[in-house]
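So you know, we letter chains A, B, ... as the sequences are listed, proteins then strands, and number each from 1.
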Amino acid sequence: MTRQRYDIKSYPGFLQITLLCLFVLYAPLIVVAVYSLNASASIAVWEGFSFRWYVDVFTGPESAKFKTAARNSFVIAIIAASVATAIATLAATAMVRGGKFRLRAWSFGLISLPLMVPEIVTAVATLIFFNSIGFDRGLLTILLAHIAFCIPFAYLPISARMQGIEDSYEQAAQDLYATKRQAFTKILLPLMLPGIISGFLLAFIISLDDFIITNFVKGAGVETLPTAIFGAVKQGIKPNIMAISTMLLGFSVLMVLISYLVSRTDKTS
Amino acid sequence: MAGGATSGGNAVTDTYKEARNWLLLPAWGTLGIMVLAPVLLMLVYSFLTKEFRGGVIWEFSLAAYDQFFFDRGLFGDDPAKIEWTYIAIFWRSIWQAGAATVLSLLIGFPTAYFIATRPEKQRVIWVFLITIPYWVNLLIRTVSMRFLLRDEGPLNSFLMTTGLVDSPIHMINTNFAVQVGLFYSYLPFMVLPIYAAVERYNFTLSEAAADLYANKWITLRHIVLPAVKPGVVAGCILVFVPSLGSFLAPDLLGGAKNFMIGSLIEEQFKGNAGNWPFGAAASMILLTMVLIILVIYARAQARSDKEAG
């Protein structure tokens with residue numbers, strides 16, 4: 001492609017628009033991160049650099065509330081993501097290694113259902129469901145709802161990875177008298193690990209982030225980080241909220257980095 | 001993320017054919033009980049009678065849908081007129097989601113195109129930069145936007161210190177703020193599918209067009225755009241659909257005057273209005289709209305797949 005008279009691929013202004021795009025995506029986050037380090041008790045004025053709001057999150061008057069909320073969030077996210085990943089791994093095995101069958105399309109539809117139904121509709125439906133069967137709202141209702149909507153997010157990277165793995169390894173194992181169960185646990189699962197980790201991390205983040213469904217199915221007084229932050233923001237954005245947000249933001253970026261590194265080792269293998 | 005392993009894999013095999021029902025059972029069970037059954041139950045609820053403090057009385061009633069579409073006066077015995085309040089809220093939601101989609105497309109297309117035409121090693125980094133914000137909590141992003149756009153916020157103080165404006169521009173609690181918020185929430189969904197489509201685009205087509213004296217913009221309009229259209233359509237749907245039912249952006253950036261469907265529904269279950277059948281009916285109407293969009297999309301997709309052979 002060296003004989004072009006001019007670069008047919010590039011368009012003037014596209015670089016600038018891309019930079020604008022990144023600016024729009026990052027500017028609000030950077031601004032919040034910077035202002036979380038503001039010494040002032042007012043979010044409007046800058047009074048110099050300080051970690052006082054980070055200290056406040058852990059020891060201040062609202063620290064107990066935030067600690068409980070954070071613990072709830074992380075416990076729910078870890079359990080929900082683990083269960084969802086296990087369910088998604090089994091389902092992906094059936095879908096990718098189970099041949100063609102009549103219920104395949106329907107199964108795929110069911111698995112993608114949480115992605116197609118608007119989140120607020122799922123939230124309403126789940127609330128109605130728990131209410132009609134007389135299930136008291138609390139941590140358990142949040143957990144059950146999270147497991148369900150995390151499944152497709154875990155499923156997509158897992159099934160994508162499985163489609164990329166030739167089944168000749170499993171065939172070879174079976175030729176050498178491995179049972180199907182052994183071929184699955186000893187061959188397929190280890191090969192699947194990068195996909196399973198990606199799926200778990202995605203499900204984990206999705207659970208940790210969820211506000212709308214949690215807000216509907218949580219019991220009175222039960223808070224996760226997003227619902228606690230939302231409640232606080234309704235009273236006005238305070239510096240300690242910016243500190244929490246920045247920490248959560250940093251945590252998410254860390255997760256992406258891990259996921260990225262996992263998928264990179266994936267390519268070199 | 002999926003790591004791009006979707007393409008080029010081998011086809012479906014049948015190694016675990018015998019076990020497939022057992023393998024799928026947990027997924028069927030969980031999603032059937034926790035998503036499908038609740039949605040069907042919600043459909044039933046939308047035809048029940050409201051209980052005044054939330055909840056329902058198990059008596060068939062069309063009152064929820066009637067209240068949505070018709071105004072029968074204070075005592076319910078006036079001749080039925082069309083009730084515009086809720087239709088207007090839905091209309092505003094469609095308009096807002098549409099504006100956010102157009103905005104995302106205008107910024108997202110050039111971005112996706114630019115990234116897809118970088119050398120391969122650079123592409124990974126650019127895509128990575130676009131995906132990071134998607135991983136950051138949507139609530140936090142929306143709160144950040146609210147902080148940034150406030151009258152006395154950083155954006156206005158920047159504009160004023162640089163002398164671009166004399167007094168703060170009022171942005172928060174406007175339609176504009178909601179559109180920017182939605183755009184900001186879902187922009188990565190626009191960029192990624194378009195990026196994937198442009199990456200697959202065969203640039204010898206552009207070369208051929210250039211050889212035939214088409215200028216760049218004509219090439220973009222008549223050669224590149226039709227070729228990457230599936231990616232553009234997918235991106236538009238991925239932005240439009242979640243925008244339509246969004247709650248956080250209108251609630252935190254739009255304020256009380258810029259109500260959207262999401263807030264209307266939420267109010268039926270949280271606030272004092274507390275009309276569950278009406279909330280269920282509004283949710284059903286939203287769900288129907290989304291499903292219609294998805295079905296049209298799936299049909300069009302199937303048709304273009306057929307045409308492509």
Side chains of [X] and [Y]: does their closest heavy-atom pair fall under 4.5 Å?
X         : Y         : value
Val24(A)  : Phe183(B) : yes
Val143(B) : Met242(A) : no
Ile132(B) : Val253(A) : yes
Trp28(B)  : Leu103(A) : yes
Arg146(B) : Ile237(A) : yes
Val124(A) : Gln268(B) : no
Phe130(A) : Met34(B)  : yes
Leu249(A) : Arg141(B) : no

Portion of [X] that has a non-hydrogen atom of chain A nearer than 4.5 angstrom:
X         : answer
Leu138(B) : backbone
Ile33(B)  : both
Leu294(B) : side chain
Ile261(B) : neither
Phe147(B) : both
Ala27(B)  : both
Leu155(B) : neither
Trp276(B) : side chain
Val290(B) : side chain
Leu23(B)  : both

Verdict with supporting geometry, Asn131(A) and Tyr45(B), side-chain contact (heavy atoms from CB on, under 4.5 Å): CA-CA 11 Å; Asn131(A) 188 69; Tyr45(B) 263 50; 4.1 Å; yes

Under 4.5 Å from any heavy atom of chain B - which part of [X]:
X         : value
Asp210(A) : neither
Ile158(A) : neither
Ile151(A) : side chain
Leu22(A)  : side chain
Leu225(A) : neither
Phe251(A) : neither
Ala183(A) : both
Glu119(A) : neither
Tyr35(A)  : side chain
Ile212(A) : side chain
Gln171(A) : side chain

Could you measure the distance from the [atom1] atom of [X] to the [atom2] atom of [Y]? Nearest 0.5 Å is fine.
X         : Y         : atom1 : atom2 : answer
Ser283(B) : Leu127(A) : OG    : CG    : 10.0 Å
Leu31(B)  : Leu110(A) : CG    : CG    : 5.0 Å
Leu29(A)  : Asn137(B) : CG    : CG    : 10.5 Å
Leu25(B)  : Ser107(A) : CG    : OG    : 10.5 Å
Thr111(B) : Leu20(A)  : OG1   : CG    : 7.5 Å
Leu24(B)  : Arg104(A) : CG    : CZ    : 9.5 Å

- request: Determine the option with the most heavy-atom pairs under 4.5 angstrom with chain A, choosing from Ile130(B), Leu36(B), Val39(B), Leu220(B).
  value: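 Top option by heavy-atom pairs under 4.5 Å: Leu220(B).
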
- prompt: Which residue out of Leu291(B), Val56(B), Val191(B), Ile140(B) racks up the most heavy-atom pairs below 4.5 Å with chain A?
  reply: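 When all of Leu291(B), Val56(B), Val191(B), Ile140(B) are compared, Ile140(B) has the most.
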
field: Salt bridge Lys234(A)-Asp251(B), side-chain N to carboxylate O under 4.0 Å
entry: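 A salt bridge links Lys234(A) with Asp251(B).
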
message: side-chain contact (heavy atoms from CB on, under 4.5 Å) for Phe230(A) and Leu252(B)? Distances and angles first, verdict last.
response: CA-CA 9 Å; Phe230(A) 183 81; Leu252(B) 290 172; 4.0 Å; yes

Least distance between heavy atoms, [X] atom then [Y] atom:
X         : Y         : result
Ile147(A) : Thr30(B)  : CG2-CG2, 4.0 Å
Lys9(A)   : Tyr113(B) : O-OH, 2.6 Å
Pro226(A) : Leu139(B) : O-CD2, 3.0 Å
Pro38(B)  : Thr126(A) : CB-N, 4.1 Å
Leu25(A)  : Pro133(B) : CB-CG, 3.9 Å

field: salt bridge (Lys or Arg N to Asp or Glu O under 4.0 Å) pairs, two or more places apart, involving residues 18-42 of chain B
entry: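 Non-adjacent pairs meeting salt bridge (Lys or Arg N to Asp or Glu O under 4.0 Å): Lys180(A)-Glu18(B).
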
If only atom types and distance count, is the side chain of [X] paired as donor or acceptor with the main-chain N or O of [Y] below 3.5 Å?
X         : Y         : answer
Tyr11(A)  : Phe114(B) : no
Tyr26(A)  : Leu129(B) : yes
Lys216(B) : Ser10(A)  : yes

query: Of the listed residues (Leu15(A), Leu115(A), Ile111(A)), which shares the most heavy-atom pairs with chain B below a 4.5 Å separation?
result: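 Among the listed options, the one with the most contacts to chain B is Leu15(A).
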
- request: Would you mind telling me which of Leu201(A), Asn215(A), Leu248(A) has the largest number of heavy-atom pairs within less than 4.5 Å of chain B?
  value: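 Heavy-atom pair counts peak at Asn215(A).
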
message: For Trp135(B), run the side chain to side chain contact (heavy atoms under 4.5 Å, CB included) check against Leu257(A), Asp209(A), Leu202(A) and tell me which one passes.
response: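 Per the side chain to side chain contact (heavy atoms under 4.5 Å, CB included) rule, the option paired with Trp135(B) is Leu202(A), out of Leu257(A), Asp209(A), Leu202(A).
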
When you look at [atom1] of [X], are more than 12 heavy atoms from neighbouring residues, nucleotides or ligands closer to it than 6.0 Å?
X         : atom1 : value
Phe128(B) : CZ    : yes
Phe108(A) : CZ    : no
Tyr169(A) : OH    : no

- prompt: Are there residues of residues 241-248 of chain B that reach to under 4.5 Å of chain A by heavy atoms, and which ones?
  reply: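 Heavy-atom contacts from residues 241-248 of chain B to chain A are Gly245(B), Phe247(B), Leu248(B).
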
